[in-house]
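Quick caveat: nothing in here was measured; it's all calculated off a predicted structure. Numbering of residues begins at 1 and proceeds along the displayed sequence.
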Amino acid sequence: QVQLVESGGGLLQAGGSLRLSCAASGSIVHINAMGWYRQAPGKQRELVAAITSGGVTNYADSVKGRFTISRDNAKNTVYLQMNSLKPEDTAVYYCNANTVVRGNLFRSSDYWGQGTQVTVSS
């Protein structure tokens with residue numbers, strides 16, 4: 001019902017920057033919070049940053065001051081600007097959208113993208 005397509009991952013050196021994008025499409029009535037999560041090898045998936053439809057943001061302590069999340073509600077798209085990247089930021093980054101869809105107006109569900117790899121070398 002909802003598809004999330006991520007882009008912008010890659011391989012780069014420490015100190016560099018990347019911008020991830022995630023576009024949602026499908027039977028969307030409204031998207032509540034959107035967020036970025038990441039999962040490194042052997043670790044659990046963790047929240048990186050999230051943003052409400054009104055623009056309120058939340059960040060993991062490890063990325064505060066380096067990453068910025070934003071969204072374009074008209075395009076159902078969320079972005080993650082990542083600056084001053086560190087090797088420990090290496091992970092697969094997943095987009096998440098809590099969405100109300102046509103045919104189920106009284107309940108929202110979480111949808112996930114396929115993930116995009118970010119690799120930061122030292």
Please find the pair of heavy atoms, one from [X] and one from [Y], that lie closest to each other, and give the distance.
X      : Y     : result
Ser17  : Gln81 : CB-NE2, 4.0 Å
Ser108 : Asn98 : OG-OD1, 2.9 Å
Ser122 : Ala14 : CA-CB, 4.4 Å

| field | Connected-component partners of Leu4 among ILVMFWY, side-chain separation under 4.5 Å | value |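 Direct or chained contacts put Leu4 with Val2, Leu12, Leu18, Leu20, Ile28, Ile31, Met34, Trp36, Val48, Ile51, Tyr59, Val63, Phe67, Ile69, Val78, Leu80, Met82, Leu85, Tyr93, Val101, Tyr111, Val118, Val120.
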
| task | Go through the steps to decide whether Asp89 and Arg38 satisfy the test side chain to side chain contact (heavy atoms under 4.5 Å, CB included), and finish with yes or no. | result | CA-CA 9 Å; Asp89 295 316; Arg38 67 186 180 187; 2.9 Å; yes

According to side chain to side chain contact (heavy atoms under 4.5 Å, CB included), who are the partners of [X], at least two apart in sequence or on a separate chain?
X      : result
Ser84  : Arg66
Asp72  : Ala74, Lys75, Tyr79
Gln114 : Glu6

For residues [X] and [Y], is any side-chain donor paired with an opposing acceptor at under 3.5 Å?
X      : Y      : result
Arg107 : Ser109 : yes
Glu88  : Thr90  : no
Ser53  : Asn32  : no

| Residue pairs fulfilling disulfide (SG to SG under 2.5 Å) with at least one residue in residues 17-122, sequence neighbours excluded |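 Of all non-adjacent pairs touching residues 17-122, those that pass disulfide (SG to SG under 2.5 Å) are Cys22-Cys95.
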
| After noting the C-alpha distance and the side-chain angles of Asp110 and Thr99, does the key distance pass the side chain to side chain contact (heavy atoms under 4.5 Å, CB included) rule? | CA-CA 6 Å; Asp110 283 324; Thr99 307; over 6 Å; no

| field | Short N-O contact, Lys64 and Asp61, less than 4.0 angstrom | value |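 Looking at Asp61 together with Lys64, the answer is yes, because their closest N to O distance falls below 4.0 Å.
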
| message | Within the 4.5 Å heavy-atom criterion, are Leu47 and Asn58 side-chain neighbours or not? | response |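 With C-beta onward as the side chain, the pair touches.
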
| request: Please answer whether the main-chain N or O of Thr52 pairs with a side-chain N or O of Arg71 as donor and acceptor at a distance below 3.5 Å. | output: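 Between the backbone of Thr52 and the side chain of Arg71 there is a qualifying donor-acceptor contact (under 3.5 Å).
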
| said: Taking ring pair (Phe, Tyr, Trp, His ring centres under 6.0 Å) as the definition, give me every residue that meets it alongside Tyr94, ordered by chain and number, with sequence neighbours left out. | reply: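 For Tyr94 there are no ring pair (Phe, Tyr, Trp, His ring centres under 6.0 Å) partners, ignoring immediate neighbours.
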
